[in-house]
Amino acid sequence: MGKVIIIANWKMNPLSLTEAKRIFTDTKKTAQTLRNVQSVVCPPFIYVNELKSLVSGRRCLIGAQDVFFERNGAYTGEISAAMLAKAGIKYVIVGHSEKRTFGETDEVVNKKTLAALKEGLHVVLCVGERERDEHALYFDFIRRELEHALKGVPKNLTHKLLIAYEPIWAIGREAKSADTPAGTFETTLFIRKILAERYDKKMAMNMPILYGGSVNKKNAREFLVHGGVQGLLVGRASLTPAHFAEILKEADRP
Ligand code: PGA
């Protein structure tokens with residue numbers, strides 16, 4: 001088994017570099033002591049370089065929250081996969097529901113996924129339904145998102161791919177609650193089935209799948225043990241180092 005992957009998605013927080021440095025330094029203190037966990041902190045772009053200079057070793061890396069699909073040129077405000085790779089960034093989140101809410105289409109998610117994989121980055125591809133209906137139509141939604149995102153992605157690029165299952169109703173302050181580990185387990189089986197159809201069974205079984213949505217120190221362990229996932233994508237709880245440290249320690253337990 002590989003390491004458990006815990007990704008901190010800071011979103012548009014914190015407000016200052018000083019605060020960002022404090023949170024990262026505190027997080028790193030715990031993360032670098034853990035043998036079984038790969039931690040990746042994804043801060044806003046403006047802090048990436050500064051925080052990267054604080055990285056020591058490989059156990060706690062800096063990642064990016066987004067990437068653009070073109071390499072360079074007249075694309076105001078964008079940052080390319082090549083730029084990330086040259087800056088030494090190894091992980092990038094693609095297709096987060098908060099980006100999709102502001103207009104990111106399946107086609108764009110697909111282009112970003114391909115561009116980042118071609119550049120050798122680990123892509124954390126987010127999928128997840130808006131609502132869970134009793135007829136389980138949400139599975140069709142997840143299938144569509146996955147199939148669109150992976151259009152034209154050859155198998156030889158998928159070894160750097162990770163899928164983050166993030167049901168939108170479970171994300172953020174407004175969330176009803178986190179998913180249940182049993183609900184996530186079911187979805188991971190479904191995701192693996194789609195991957196097996198598209199690629200092959202071995203690839204599908206080996207694909208790291210993460211859960212995200214209201215992860216905290218109380219439920220982290222349950223998702224890792226019973227949710228069929230190999231990691232977690234953590235929003236709010238990753239901004240409080242003491243809380244995040246508890247999640248990391250739970251993930252490190254054999
Ligand atoms: P949350 O966010 O942990 O604050 O619910 C998770 C995410 O959006 O990745």
TODO: Inspect the contact between Lys151 and Glu107 and indicate whether a charged nitrogen and a carboxylate oxygen are less than 4.0 angstrom apart.
DONE: no
Open item on the list: So that I can tick it off, tell me whether Arg192 and Glu197 are bridged by a salt bridge, with the cut-off set at under 4.0 angstrom between side-chain N and carboxylate O.
Closed with: no
Open item on the list: Looking at Asp140 and Arg143, is there a salt bridge between them, counting it only when a charged N and a carboxylate O are closer than 4.0 Å?
Closed with: no
Open item on the list: With side chain to side chain contact (heavy atoms under 4.5 Å, CB included) as the criterion, how do Phe45 and Ile79 come out once you've worked through the C-alpha distance, each side chain's angles and the decisive distance to 0.1 Å?
Closed with: CA-CA 9 Å; Phe45 275 128; Ile79 292 175; 3.5 Å; yes
Task: Any Leu189 side-chain heavy atom under 4.5 Å of Thr187 side chain - done: no
Task: Atom pair CG/CE of Leu195 and Met207 - distance to nearest 0.5 Å - done: 5.5 Å
Open item on the list: Salt bridge check, Glu145 against Arg100: does any charged N sit closer than 4.0 Å to a carboxylate O?
Closed with: yes
TODO: Could you tell me whether Lys111 and Glu70 have a side-chain N and a carboxylate O separated by less than 4.0 Å?
DONE: no
- [ ] Please round to the nearest 0.5 Å and tell me the distance separating atom CG of Leu146 and atom OG1 of Thr113.
- [x] 10.0 Å
Task: side chain to side chain contact (heavy atoms under 4.5 Å, CB included) assessment of Leu162 paired with Leu125 - done: CA-CA 6 Å; Leu162 304 90; Leu125 171 64; over 6 Å; no
Open item on the list: Check Asp106 with Arg144, please: is the shortest side-chain N to carboxylate O separation under 4.0 Å?
Closed with: no
Open item on the list: Is a donor from one side chain sitting under 3.5 angstrom from an acceptor on the other, for Glu129 and Tyr165?
Closed with: yes
Open item on the list: Can you tell me how far apart CD1 (Ile247) and OG1 (Thr27) are? Round to the nearest 0.5 Å.
Closed with: 10.5 Å
Task: From SG (Cys126) to CD1 (Ile7), nearest 0.5 Å - done: 8.5 Å
TODO: Using a strict 4.0 Å threshold on nitrogen-to-oxygen distance, state whether Glu250 and Lys217 make a salt bridge.
DONE: no
Task: Ionic contact status for Glu50 with Lys21, cut-off 4.0 Å - done: yes
TODO: Treat each ILVMFWY residue as a node, draw an edge where side-chain heavy atoms are under 4.5 Å apart, and state whether Leu61 and Val37 are in one component.
DONE: yes
Open item on the list: Between Asp179 and Thr184, do the side chains contain a donor N or O and an acceptor N or O under 3.5 Å apart?
Closed with: yes
- [ ] Apply side chain to side chain contact (heavy atoms under 4.5 Å, CB included) to the pair Val40 and Ile6, showing each step before the final yes or no.
- [x] CA-CA 6 Å; Val40 183; Ile6 307 290; over 6 Å; no
Open item on the list: To the closest 0.5 Å, what do you measure between CZ (Arg22) and OG (Ser16)?
Closed with: 9.0 Å
